[in-house]
Amino acid sequence: MTQAPGSQAGEGAVREYDEVRGVVQLFLDGEAKGDIAKLKEASHPDARMFGSVAGTRYDMPIAKFIELAAKEPGDTGSHRARILSVQQTGDAAAAVVAEEGYWGSLSFIDYFQLARIEGTWKVVSKLFAHTFGDLPPST
């Protein structure tokens, strides 16, 4: 985990990293399989998602994304996701994720922002950049 300039990596840094990483992984597992419970557990109810694929904007409240993921899960047989980095300072964190094979051929770089609210980490926003592949006809 990378600490922001001026912050101190004290006792609990590994635990903090594991907690943030765990929430991001829960979100990734939920979107891949269309698992509503995992996505709701990982996300703040007021979270939002922003990004576009081939000119189609996917800017929406997280509740709408959860509906979309339940209807059309990202893993159609070849989906892979890797958490590339986690940064955390106090109650704020960010994670960068690479995804490949979403809805078949799509690849993304995702930027997750998380907040620790009442002791629990939640995804509060997801921003993504489409890096490869085409939308399937049904999406």
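What you are looking at is a predicted structure, and each value in this text was computed from that prediction instead of being measured.
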The criterion is side chain to side chain contact (heavy atoms under 4.5 Å, CB included); which residues satisfy it with [X], sequence neighbours excluded?
{"X": "A69", "answer": "L39, F65"}
{"X": "D59", "answer": "F50, R57"}
{"X": "A63", "answer": "none"}

Taking salt bridge (charged side-chain N to carboxylate O under 4.0 Å, His left out) as the definition, give me every residue that meets it alongside [X], ordered by chain and number, with sequence neighbours left out.
{"X": "D18", "value": "none"}
{"X": "R116", "value": "E16, D91"}
{"X": "D75", "value": "K33"}

Point-to-point distance, once rounded to the nearest 0.5 Å, from [atom1] of [X] to [atom2] of [Y]:
{"X": "D35", "Y": "D29", "atom1": "CG", "atom2": "CG", "answer": "8.5 Å"}
{"X": "I66", "Y": "S43", "atom1": "CD1", "atom2": "OG", "answer": "5.0 Å"}
{"X": "M49", "Y": "D110", "atom1": "CE", "atom2": "CG", "answer": "9.0 Å"}
{"X": "E99", "Y": "T131", "atom1": "CD", "atom2": "OG1", "answer": "9.5 Å"}

Should [X] and [Y] be regarded as members of a common hydrophobic cluster, given that ILVMFWY residues are connected when their side-chain heavy atoms come within less than 4.5 Å of each other, either directly or indirectly?
{"X": "Y111", "Y": "Y58", "result": "no"}
{"X": "L68", "Y": "I36", "result": "yes"}
{"X": "L28", "Y": "Y17", "result": "yes"}
{"X": "I83", "Y": "F112", "result": "yes"}
{"X": "L135", "Y": "M60", "result": "yes"}

Got a list of side-chain donor-acceptor pairs under 3.5 Å for residues 117-130, not counting sequence neighbours?
unit_1 : atom_1 : unit_2 : atom_2 : d
W121   : NE1    : E19    : OE1    : 3.4
K122   : NZ     : E41    : O      : 2.6
S125   : OG     : Q113   : OE1    : 2.9
K126   : NZ     : E31    : OE1    : 2.9
H130   : NE2    : F132   : O      : 3.0
H130   : NE2    : G133   : O      : 2.8

> So which heavy atom on P45 is nearest to which on I62, and how close?
Replying inline: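 What the structure gives for the nearest pair is O-CG2, 4.1 Å.
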> For A32 and P73, which heavy atoms make the closest approach, and how far apart are they?
Replying inline: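 Scanning both residues completely, I find the closest heavy atoms to be O-CB, 3.3 Å.
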>> Can a donor-acceptor pair be found, under 3.5 Å and without considering hydrogens, that links the side chain of T76 to the backbone of G104?
In response: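 Yes; judged by distance alone, with no hydrogens or angles, the pair exists.
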> By the rule that ILVMFWY residues connect when side-chain heavy atoms come within less than 4.5 angstrom, directly or transitively, which residues belong alongside L26?
Replying inline: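 The other cluster members (ILVMFWY side chains, heavy atoms under 4.5 Å, direct or chained): none.
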> For H44, what residues pass the side-chain hydrogen bond (donor to acceptor under 3.5 Å, both in side chains) criterion, not counting sequence neighbours?
Replying inline: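 With sequence neighbours excluded, H44 shows a side-chain hydrogen bond (donor to acceptor under 3.5 Å, both in side chains) to no residue whatsoever.
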>> Per the side chain to side chain donor-acceptor pair (under 3.5 Å) rule, what does the pair list look like for residues 60-69, sequence neighbours excluded?
In response: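 Listed by first then second residue: nothing to list.
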> How would you list all residue pairs meeting ring-ring contact (aromatic ring centres under 6.0 Å, His included) that involve residues 75-102, not counting sequence neighbours?
Replying inline: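 Pairs touching residues 75-102 that pass the test: H79-Y102, Y102-F108.
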